[in-house]
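In what follows, a single structure is set out as structure tokens and then discussed.
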Amino acid sequence: MDPRPVLGQSYDAVLRINAFALGWHPESRDHNGNCGHTLLRRLGMEVKTFDDYCDAIRELVAGCARRNHVALKNALAYDRDLSFDEPNEDLARQAWGQRSPSPAARKAFCDFVVDLFCQLAGEAGLPVQTHLGTAIISGSHPLRMTGLIERHPRTRFLLMHLAYPWSRDLLGMAFVYRNVWLDLCWSFLLSPSHFKLALHEAIEVLPDESRMMIGGDCLHVEETFAAIQGARRLIGEVLKEKVASGYFRPRDAERLAVRILGENARELFRLS
């Protein structure tokens, strides 16, 4: 929850919301086995009622800055589908305290909590990272996110992995929604050839060069180093091809490379 005691005061992290979105009961857990109620207790917050829980989430997001959390992370594509309906508080309350709420109440609770997190993120200036593509494959298409994105135009959504295999649909969303950013991470490991094709199209489709970046999405430093080396090579090949075709001048390609590999992320996460 708070990375600073282990990793130091300068370490920046993201706050993963899965366990809280599934926290209708003190024993509820996400796909990683995390429990929202346990995580809140670590921060000194005990909740008894649905209203307590919502207040705790507000306090949780309000404390992100002092815990060096620079974004929220939604990886619910591994727990459920990504169609987040408009909040239905009455139905969401029916799930509270139930070990096995009805499917409708369970979905309403999760939808309500995710909507609350997105609202608070917009108010606090925190991006919301969202896993798309390969997960529970029937529910992780990027277009399922459109309702949530439209309801929160002040919230910056960082949509991940090029939504493989639906990258073209994701690029269409980034063209239409100006509160959508793209994190290219992992996609170049899944398929280098698809990554190059999608990056060629992304360069042509995105209205500006500030909304595309690349992260590591790796567990170990050796893996991180190898991944970023591979990404640099593939990005360089795409930009070289763009220059060779006359689409770019060399200085334009160099500027875009700097933005994708660092500047855009620094701006989005407001890193020093």
Side-chain angles (χ1 to χ4, degrees), residues 14 16 71-79 81-84 127-150 155-219 223-224 226-242 247-248 253 256-269:
V14 299
R16 196 177 176 106
L72 308 184
K73 171 68 179 290
N74 175 356
L76 284 161
Y78 289 103
D79 291 294
D81 72 78
L82 294 179
S83 295
F84 298 102
V128 178
Q129 295 179 316
T130 302
H131 176 98
L132 296 172
T134 51
I136 300 175
I137 198 71
S138 62
S140 56
H141 194 287
L143 290 175
R144 291 178 178 266
M145 287 285 296
T146 56
L148 190 65
I149 292 168
E150 290 173 359
T155 302
R156 294 169 295 155
F157 291 89
L158 179 58
L159 305 184
M160 305 180 76
H161 314 311
L162 276 172
Y164 183 87
W166 301 294
S167 302
R168 189 162 283 166
D169 296 317
L170 177 65
L171 296 182
M173 290 171 60
F175 179 81
V176 172
Y177 299 122
R178 302 307 167 92
N179 60 330
V180 163
W181 277 251
L182 303 183
D183 187 343
L184 309 175
C185 69
W186 196 36
S187 58
F188 57 91
L189 298 175
L190 286 169
S191 172
S193 59
H194 177 81
F195 174 80
K196 288 184 64 175
L197 176 64
L199 182 57
H200 267 291
E201 291 195 19
I203 290 169
E204 296 163 3
V205 168
L206 290 184
D208 61 71
E209 59 187 24
S210 68
R211 292 193 285 129
M212 183 163 46
M213 63 199 68
I214 195 155
D217 201 22
C218 301
L219 292 175
E223 182 186 10
T224 301
I228 198 63
Q229 289 294 97
R232 284 173 178 267
R233 176 179 60 82
L234 293 170
I235 291 169
E237 289 175 4
V238 169
L239 294 177
K240 184 177 179 180
E241 290 165 10
K242 278 282 189 270
Y247 188 91
F248 271 155
L256 181 57
V258 170
R259 295 202 66 90
I260 292 174
L261 292 168
E263 288 301 318
N264 288 345
R266 274 192 282 271
E267 290 176 4
L268 179 72
F269 295 114

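For clarity, every value in this text was computed on a predicted model and none was experimentally measured.
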Once you round to the nearest 0.5 Å, how far does [atom1] of [X] lie from [atom2] of [Y]?
X: Glu223; Y: Ile228; atom1: CD; atom2: CD1; result: 12.0 Å
X: Gln229; Y: Leu234; atom1: CD; atom2: CG; result: 11.5 Å
X: Ile235; Y: Leu184; atom1: CD1; atom2: CG; result: 6.5 Å
X: Arg232; Y: Leu239; atom1: CZ; atom2: CG; result: 12.0 Å
X: Tyr78; Y: Ile136; atom1: OH; atom2: CD1; result: 10.0 Å
X: Ile214; Y: Phe188; atom1: CD1; atom2: CZ; result: 4.5 Å

Measure across [X] and [Y] and return the closest heavy-atom pair with its distance rounded to 0.1 Å.
X: Ser167; Y: His194; answer: OG-NE2, 2.8 Å
X: Arg156; Y: Glu267; answer: NH1-O, 4.3 Å
X: Ser210; Y: Trp181; answer: O-NE1, 3.4 Å
X: Arg144; Y: Gly139; answer: CD-O, 3.1 Å
X: Gly133; Y: Trp166; answer: CA-CZ3, 3.9 Å
X: Tyr177; Y: Thr146; answer: OH-CB, 3.6 Å

Would you verify whether the NZ or CZ of Lys242 falls within 45 degrees of the ring axis of Phe248 while also being under 6.0 Å from that six-membered ring's centre?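 No, Lys242 and Phe248 do not form such a contact.
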Let me know which of Leu132, Leu170, Asp169 forms a side chain to side chain contact (heavy atoms under 4.5 Å, CB included) with His141.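 Looking at Leu132, Leu170, Asp169, the match for His141 under the side chain to side chain contact (heavy atoms under 4.5 Å, CB included) is Asp169.
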Could you go step by step and tell me if Gln129 and Leu72 meet the side-chain contact (heavy atoms from CB on, under 4.5 Å) rule? CA-CA 6 Å; Gln129 295 179 316; Leu72 308 184; over 6 Å; no
How about [X] and [Y]: do any of their side-chain heavy atoms sit closer than 4.5 Å?
X: Phe195; Y: Val238; result: no
X: Trp186; Y: Met160; result: no
X: Asp81; Y: Leu76; result: no
X: Phe269; Y: Pro127; result: yes

Can you name the side-chain contact (heavy atoms from CB on, under 4.5 Å) partners of Ala77, sequence neighbours left out?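 Ala77: side-chain contact (heavy atoms from CB on, under 4.5 Å) contacts with Leu82, His131, Ala135, Ser140.
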Charged N-O contact under 4.0 Å between Lys240 and Glu237: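 Looking at Glu237 together with Lys240, the answer is no, because their closest N to O distance does not fall below 4.0 Å.
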State, without any angle test, whether Glu241 and Tyr247 hold a side-chain donor-acceptor pair at a distance under 3.5 Å.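 No, no side-chain donor-acceptor pair sits under 3.5 Å.
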Distance only, no hydrogens: is a donor on one side chain within 3.5 Å (strictly under) of an acceptor on the other, for Arg259 and Asn264?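 Yes, a side-chain donor-acceptor pair sits under 3.5 Å.
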Looking at [Y], is its backbone amide N or carbonyl O close enough to the side chain of [X] to form a donor-acceptor pair, meaning the two atoms are under 3.5 Å apart?
X: Arg211; Y: Val180; value: yes
X: Asp217; Y: Cys185; value: no
X: Asp183; Y: Gly215; value: yes

If you apply the rule side-chain contact (heavy atoms from CB on, under 4.5 Å), what do you find for Ile260 with Met213, and how did you get there? CA-CA 4 Å; Ile260 292 174; Met213 63 199 68; 5.5 Å; no
Run the side-chain contact (heavy atoms from CB on, under 4.5 Å) check on Arg168 and Leu171 step by step: do they pass? CA-CA 5 Å; Arg168 189 162 283 166; Leu171 296 182; 5.6 Å; no
From CA spacing to verdict: side-chain contact (heavy atoms from CB on, under 4.5 Å), Val128, Thr130: CA-CA 6 Å; Val128 178; Thr130 302; 4.0 Å; yes
Assess whether atom CZ of Phe175 is packed by more than 12 heavy atoms of other residues, nucleotides or ligands within 6.0 Å.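 Open: at most 12 neighbouring heavy atoms sit under 6.0 Å from CZ of Phe175.
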